[in-house]
There are 2 protein chains.
Amino acid sequence: MLKPDMSKKAIIHDADACKGKLRSVHDTLDILSGKWKISIISSLSINGKRRFMELQRDVEGIGAKMLSKELKELEINELLVRTVYDTKPVTVEYELTPYGKTLQAIIYEMSIWGIQHRKRITGR
Amino acid sequence: MLKPDMSKKAIIHDADACKGKLRSVHDTLDILSGKWKISIISSLSINGKRRFMELQRDVEGIGAKMLSKELKELEINELLVRTVYDTKPVTVEYELTPYGKTLQAIIYEMSIWGIQHRKRITGR
DNA sequence: CGGGATCCCACCGGATACTG
DNA sequence: CAGTATCCGGTGGGATCCCG
């Protein structure tokens, strides 16, 4: 009577494991939601500290409103910090937190894939 | 006269390298654009072959129209293949191509990050 | 079952102007 | 410079009906 129960449990466990993986990816996508966040994080990941205008130049196509909104969301999720300097006119710098830097593994894989994809498309 | 030129070249090269990394990430984001593609690929990555309705259940919240559209784009980019079986009623299966499976490294990293993120949020 | 066609609306997001 | 406010169009995406 043990074998049947165990196989049943195993099946349930597998289903749970699948749901768990789907859910974990979904959780990450939630944090990285929107069209620009990953590009913003990439720029900060590569360049370190970055000012508003610099980010706008790095992230091709983004407008000030969207950049502002995305930065705010990333700050709320503790992926980056905003620092205001009392200069004239004001200077604002954005920088990844240690936690934000943990996303670099994802960014790295996306960079690798993008490079080989471009080769694949243009190279034949 | 060589030193100044070399340092200048080095600077230019670094700027190009930055732009290249940003571009490669951007290229990947282009292919994976939209709200659902990564979830779809995740499901196919975990489950293997998958039917339309199964995918709709896996990808929580997606409607038939969006699922159809996203699948079409993924097929055009050769990340998955669509197979129609002549049953009654018709059966359609989607499956990652070998090329589509090269995205698994990205999915994997996103899964890892999502798991630790959930721990971080819920565990304190 | 696996979608396409149509209708419809929320909101994403761009352009511009303005403020501290 | 670093945003905010306002206006406004495009489209992402849901609901429903329909067809092979």
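Sequence lines set the chain letters: A, B, ... in the order given, protein chains first and strands last, and positions in each chain run from 1. Just so you know, these numbers come straight off a predicted model, no measurement behind them. What you see below is based on every heavy atom in this structure, not just the backbone, and it leaves out hydrogens, waters and symmetry mates.
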Inset, instruction - Hey, which sits more toward the 5' end of DNA chain D by its nearest nucleotide, A64(B) or R57(A)? - result: R57(A)
Inset, instruction - By nearest nucleotide on DNA chain D, pick out whichever of K65(A) and L71(A) is the more 5' one. - result: L71(A)
Inset, instruction - Using atom CZ of F52(A) as one end and atom C1' of dT19(C) as the other, report the distance to the nearest whole Å. - result: 14 Å
Legend entry - Under 3.5 Å donor-acceptor, S42(A) side chain and I38(A) backbone: yes
Inset, instruction - Assess the side chains of Y99(A) and Q116(B): does a donor N or O sit below 3.5 Å from an acceptor N or O? - result: yes
Any [X] side-chain N or O less than 4.0 Å from OP1/OP2 of [N]:
| X | N | result |
| --- | --- | --- |
| S68(A) | dT4(D) | yes |
| K69(B) | dG12(D) | yes |
| R51(B) | dC1(C) | no |
| W36(B) | dG12(D) | no |
| K72(A) | dT4(D) | yes |
| Y94(B) | dG3(C) | yes |

Legend entry - Ion pair check, R50(B) and E93(B), cut-off under 4.0 Å: no
